[in-house]
Number of protein chains: 2
Amino acid sequence: MTHDIHNRIALFRAEHAMSRRDLAEAVSVNPQTIGYLERGDYKPSLELGMKLARVFAVPVELLFSFDPFPPMADALRAAGERP
Amino acid sequence: MTHDIHNRIALFRAEHAMSRRDLAEAVSVNPQTIGYLERGDYKPSLELGMKLARVFAVPVELLFSFDPFPPMADALRAAGERP
DNA sequence: ATGAAATGTTGTGTTTACACAACGAATCGT
DNA sequence: ACGATTCGTTGTGTAAACACAACATTTCAT
């Protein structure tokens with residue numbers, strides 16, 4: 001059917017040094033829910049998706065995508081970082 | 001206590017001259033579902049929200065918002081249209 | 001004026017995103 | 001070593017997002 005939704009929640013959570021509990025509180029959900037989302041066990045509501053994007057101050061499309069995200073290193077290089 | 005989500009689905013659908021059936025087919029849902037969304041009877045999944053934004057070629061945040069959308073005339077004026 | 005298309009509404013049923021609890025394993029600071 | 005935090009997993013329950021059907025009403029083209 002329709003491809004599932006990929007996300008970078010774990011990535012951004014790591015960069016912001018937040019625990020699942022921290023993030024859960026920031027978006028008012030149960031901590032387990034963050035775990036389910038990160039390992040793709042279920043897909044968030046639009047409301048939760050937008051709240052998560054707001055926490056990380058990124059557009060929704062940078063946090064969620066229908067296509068799998070390319071490796072971070074690609075984006076870093078494309079952003080101008082050189083070896 | 002969570003603020004509901006506002007959307008501009010009807011607006012964009014009008015601009016694109018699509019019927020609910022048209023839009024429903026474009027995002028693979030039942031036509032009634034579009035109606036429910038437009039009148040705020042229920043809130044879409046992230047997947048459906050992103051599909052709708054993709055149909056109109058706009059970022060999710062332009063189609064959905066936690067705060068009510070300002071009147072269109074405001075945006076038109078701010079965009080440079082003069083009386 | 002007639003009919004078709006678009007819309008609004010109501011109802012029933014299924015699936016799933018959540019809440020919440022409980023537990024084991026891994027990691028970390030002290 | 002120890003406890004505290006984090007993470008992973010499993011299970012149960014509920015609310016709501018959907019599908020689908022049926023029908024009334026409005027709008028619109030001819």
Side-chain angles (χ1 to χ4, degrees), chain A residues 1-56 58-69 71-72, chain B residues 1-56 58-69 71-72:
Chain A
M1 297 267 205
T2 187
H3 31 204
D4 38 21
I5 280 193
H6 303 79
N7 73 73
R8 290 201 257 228
I9 297 176
L11 261 187
F12 279 105
R13 188 170 62 79
E15 188 178 43
H16 287 248
M18 302 175 77
S19 69
R20 287 181 177 173
R21 186 178 315 271
D22 293 336
L23 183 54
E25 281 173 12
V27 296
S28 305
V29 294
N30 193 283
Q32 321 275 22
T33 298
I34 303 296
Y36 279 112
L37 290 176
E38 289 189 351
R39 75 183 84 100
D41 277 354
Y42 52 62
K43 307 174 292 182
S45 64
L46 176 66
E47 185 175 354
L48 180 51
M50 289 179 68
K51 282 183 180 176
L52 288 167
R54 194 174 52 180
V55 165
F56 298 132
V58 295
V60 169
E61 287 84 352
L62 216 69
L63 188 56
F64 300 96
S65 168
F66 289 122
D67 304 305
F69 287 106
M72 196 172 47
Chain B
M1 297 305 121
T2 184
H3 30 202
D4 39 16
I5 280 193
H6 303 79
N7 72 74
R8 290 200 257 228
I9 297 176
L11 260 187
F12 279 105
R13 188 169 61 80
E15 190 179 41
H16 287 247
M18 303 175 78
S19 68
R20 287 181 178 173
R21 188 178 314 270
D22 293 337
L23 182 55
E25 281 173 11
V27 297
S28 306
V29 294
N30 193 285
Q32 322 275 21
T33 297
I34 304 296
Y36 279 112
L37 291 177
E38 288 189 353
R39 77 183 81 102
D41 277 354
Y42 52 63
K43 309 174 291 183
S45 64
L46 176 65
E47 184 175 354
L48 180 51
M50 289 180 68
K51 281 183 180 176
L52 288 166
R54 194 174 51 179
V55 165
F56 299 132
V58 295
V60 169
E61 287 85 352
L62 217 69
L63 188 56
F64 300 96
S65 169
F66 290 123
D67 304 306
F69 287 106
M72 196 174 45

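The sequence lines fix the lettering, A, B, ..., with proteins before strands; numbering per chain opens at 1. Keep in mind the model is a prediction, meaning the values are calculated, not measured.
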Original post:
Considering only C:dA19, D:dC18, D:dA22, which nucleotide approaches the side chain of B:Gln32 most closely?
Top reply: D:dA22
**OP:** Nearest whole angstrom, please: distance from the P of C:dA6 to the CE of B:Met18.
**Re:** 12 Å
Original post:
Are any of A:Thr33's side-chain N or O atoms less than 4.0 Å away from OP1 or OP2 of C:dA17?
Top reply: no
**OP:** Give the rounded distance in Å between these two atoms: CG of B:Asn30 and C1' of D:dC20.
**Re:** 6 Å
Subject >> Presence of A:Arg13 side-chain N/O under 4.0 Å of D:dC7 phosphate oxygens OP1/OP2 >> reply: yes
Original post:
Taking CG from B:Leu46 and C1' from C:dC18, how many angstroms apart are they, rounded to a whole number?
Top reply: 15 Å
Subject >> Upstream residue (5' side of DNA chain C) when B:Arg21 and A:Pro31 are each assigned their closest nucleotide >> reply: B:Arg21
Original post:
More than 12 non-hydrogen atoms from neighbouring residues, nucleotides or ligands closer than 6.0 Å to CZ on A:Arg21, yes or no?
Top reply: no
**OP:** Give a yes/no answer on whether the side chain of B:Arg39 brings an N or O atom under 4.0 Å of OP1 or OP2 in C:dT7.
**Re:** no
**OP:** Answer yes or no for B:Arg54 and B:Phe56: cation-pi contact, defined as NZ/CZ to six-membered ring centre under 6.0 Å and angle to ring axis within 45°.
**Re:** no
**OP:** Round to the nearest Å and state the distance from A:Asp4 atom CG to C:dT15 atom P.
**Re:** 19 Å
Original post:
Can you name the closest pair of heavy atoms from B:Met72 and B:Leu11 and give their distance?
Top reply: SD-CD2, 3.9 Å
Original post:
Atom CG of B:Leu48 and atom P of C:dT16: how far apart are they, to the nearest Å?
Top reply: 15 Å
**OP:** Calculate the interatomic distance between A:Tyr42 atom OH and C:dT16 atom P; express it in whole Å.
**Re:** 13 Å
Original post:
Any idea which heavy atoms bring A:Val55 and A:His16 closest together, and the distance?
Top reply: O-CE1, 4.4 Å
Original post:
So what does A:Pro44 hit on the nucleic acid, given a heavy-atom distance under 4.0 Å: a base, only sugar-phosphate, or nothing?
Top reply: sugar-phosphate
Original post:
Roughly, in whole Å, what's the span from CD in B:Glu47 to P in C:dT15?
Top reply: 17 Å
Original post:
If only side-chain N and O atoms of A:Ser45 are considered, is one of them under 4.0 Å from the OP1 or OP2 phosphate oxygen of D:dA17?
Top reply: no
**OP:** For the residue pair A:Leu52 and A:Asn7, establish whether any side-chain heavy-atom pair is separated by less than 4.5 Å.
**Re:** no
**OP:** Select from B:Tyr36 and B:Asp41 the residue whose nearest nucleotide in DNA chain D is closer to the 5' end of that strand.
**Re:** B:Asp41
Subject >> Interatomic distance where NZ belongs to B:Lys43 and C1' belongs to D:dA15 [whole Å] >> reply: 11 Å
